Amino acid sequence: MFVVSPLMAQAAEITESQLIEGTVRDYIESQHHTDPARMERALDPLLAKRTYWRAADGTEFIMKTDMETMLKVAKNYNKDGTKFPAQPRVDIRILDIDQRVATVKLSADEWIDYLHLYKNQRGEWKIVNVLWQYYDTARQVSTK
């Protein structure tokens, strides 16, 4: 019993903040390492990811991305290993946690994501909403 007790105490020390950060890391690092399983673990199936975008004709619209598309991103975006620096920037700042909901700001190499997460019945934190933009907002335009 004394051998197990320190392990149980250590497991009990995992905080909600650490669990939330783990979910956000799964989301971003799945893109770094082409790991769709980590992306799937992080996302709610009803994910709504959005940003504002400018069409080639200058009109602005909201570009939407869903879970299926994010799984494809995790599988293919960095397949050649050139999309991120050797030490990618990952700055996770939890802005608020209230029982089963949380808001997080993720600052990555080229963009900022504001994420909404919820804690499901199994105690897993899932990303359900993402609003993002590039640091250089001039990049948010279609060339076609």
Side-chain angles (χ1 to χ4, degrees), residues 4 6-144:
V4 176
L7 295 175
M8 289 173 51
Q10 186 178 18
E13 291 177 19
I14 296 175
T15 66
E16 294 301 320
S17 294
Q18 290 169 316
L19 293 170
I20 291 166
E21 183 174 328
T23 299
V24 175
R25 284 195 179 283
D26 279 345
Y27 166 78
I28 189 64
E29 291 176 2
S30 70
Q31 296 171 65
H32 296 156
H33 305 294
T34 60
D35 189 345
R38 284 184 76 184
M39 180 68 79
E40 186 170 24
R41 185 170 59 217
L43 302 180
D44 181 84
L46 296 177
L47 171 76
K49 181 173 179 175
R50 296 181 177 96
T51 192
Y52 60 90
W53 207 257
R54 199 168 339 112
D57 68 3
T59 59
E60 202 166 76
F61 64 97
I62 299 297
M63 183 171 65
K64 301 174 187 175
T65 306
D66 60 13
M67 181 178 181
E68 181 180 332
T69 303
M70 290 308 297
L71 293 176
K72 289 177 187 173
V73 166
K75 182 178 181 180
N76 298 306
Y77 179 68
N78 196 33
K79 209 172 210 176
D80 64 1
T82 63
K83 302 293 186 197
F84 298 96
Q87 298 295 320
R89 176 182 178 199
V90 176
D91 179 24
I92 298 169
R93 197 167 93 207
I94 297 173
L95 303 176
D96 190 44
I97 304 171
D98 191 338
Q99 299 178 56
R100 291 181 58 192
V101 296
T103 300
V104 176
K105 180 180 182 181
L106 168 64
S107 299
D109 294 299
E110 296 183 359
W111 63 86
I112 300 165
D113 287 353
Y114 288 94
L115 306 115
H116 288 138
L117 297 87
Y118 75 96
K119 187 176 181 179
N120 67 19
Q121 291 178 326
R122 292 181 302 279
E124 303 162 326
W125 285 94
K126 298 290 184 175
I127 299 167
V128 68
N129 293 316
V130 178
L131 179 63
W132 72 276
Q133 73 174 28
Y134 284 112
Y135 285 110
D136 177 5
T137 57
R139 292 185 58 191
Q140 295 193 223
V141 67
S142 298
T143 55
K144 297 178 186 179

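Note that the structure is a prediction, hence the values are computed from the model and not measured.
When atom types are taken as modelled, the side chain of E29 and the backbone of D26 share no donor-acceptor pair closer than 3.5 angstrom. A donor-acceptor pair is defined here as one N or O able to donate and one able to accept, closer than 3.5 Å; no such pair exists between the side chain of D98 and the backbone of A102. A side-chain donor-acceptor contact under 3.5 Å links T51 to the backbone of W132. A distance-only check finds a donor-acceptor pair linking the side chain of K126 to the backbone of R41 [under 3.5 Å]. In terms of modelled atom types and a separation under 3.5 Å, the side chain of D109 and the main chain of R89 share a donor-acceptor contact.
Summarising the geometry, atom CG belonging to D113 is positioned 8.5 Å from atom CG belonging to L131; distances are rounded to the nearest 0.5 Å. Atom OG of S30 sits about 10.5 Å away from atom CG of N78, to the nearest 0.5 Å. Here D91 contributes atom CG and K105 contributes atom NZ; the two are 8.0 Å apart, rounded to the nearest 0.5 Å. To the nearest 0.5 angstrom, R54 atom CZ is 12.5 Å from T143 atom OG1. Note that OG1 of T65 is 11.5 Å distant from NZ of K72, once rounded to the nearest 0.5 Å.
Evaluated for a side chain to side chain contact (heavy atoms under 4.5 Å, CB included) with V104, the options T23, L95, L117 yield exactly one hit, L117. Tested against M67, the residues L47, V128, L46 include a single side chain to side chain contact (heavy atoms under 4.5 Å, CB included) partner, L47.
Remark: Y114 engages no residue in a ring pair (Phe, Tyr, Trp, His ring centres under 6.0 Å) (not counting sequence neighbours). Evaluation of the side chain to side chain donor-acceptor pair (under 3.5 Å) rule for D66 yields T69 as partners, not counting sequence neighbours.
No more than 12 heavy atoms of other residues, nucleotides or ligands sit less than 6.0 Å from atom CD of Q99.
Taking the centre and axis of the six-membered ring of Y134, the NZ or CZ atom of R139 falls inside the cone set by 45° and 6.0 Å.
Side-chain contact of Q133 with Y52: a donor-acceptor pair under 3.5 Å is present, judged by distance alone.
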* Decide yes or no on side-chain contact (heavy atoms from CB on, under 4.5 Å) for V90 and R25, but give the supporting numbers first. => CA-CA 8 Å; V90 176; R25 284 195 179 283; 3.6 Å; yes

* **Intermediate values then yes/no, side-chain contact (heavy atoms from CB on, under 4.5 Å), N76 and T34** => CA-CA 6 Å; N76 298 306; T34 60; over 6 Å; no

* To do: Under the salt bridge (Lys or Arg N to Asp or Glu O under 4.0 Å) rule, what do E16 and K119 come out as? Steps first, then yes or no, please.
  => CA-CA 10 Å; E16 294 301 320; K119 187 176 181 179; 2.9 Å; yes

* Asked: Step by step, would you call L106 with L115 a side-chain contact (heavy atoms from CB on, under 4.5 Å)?
  -> CA-CA 8 Å; L106 168 64; L115 306 115; 3.7 Å; yes

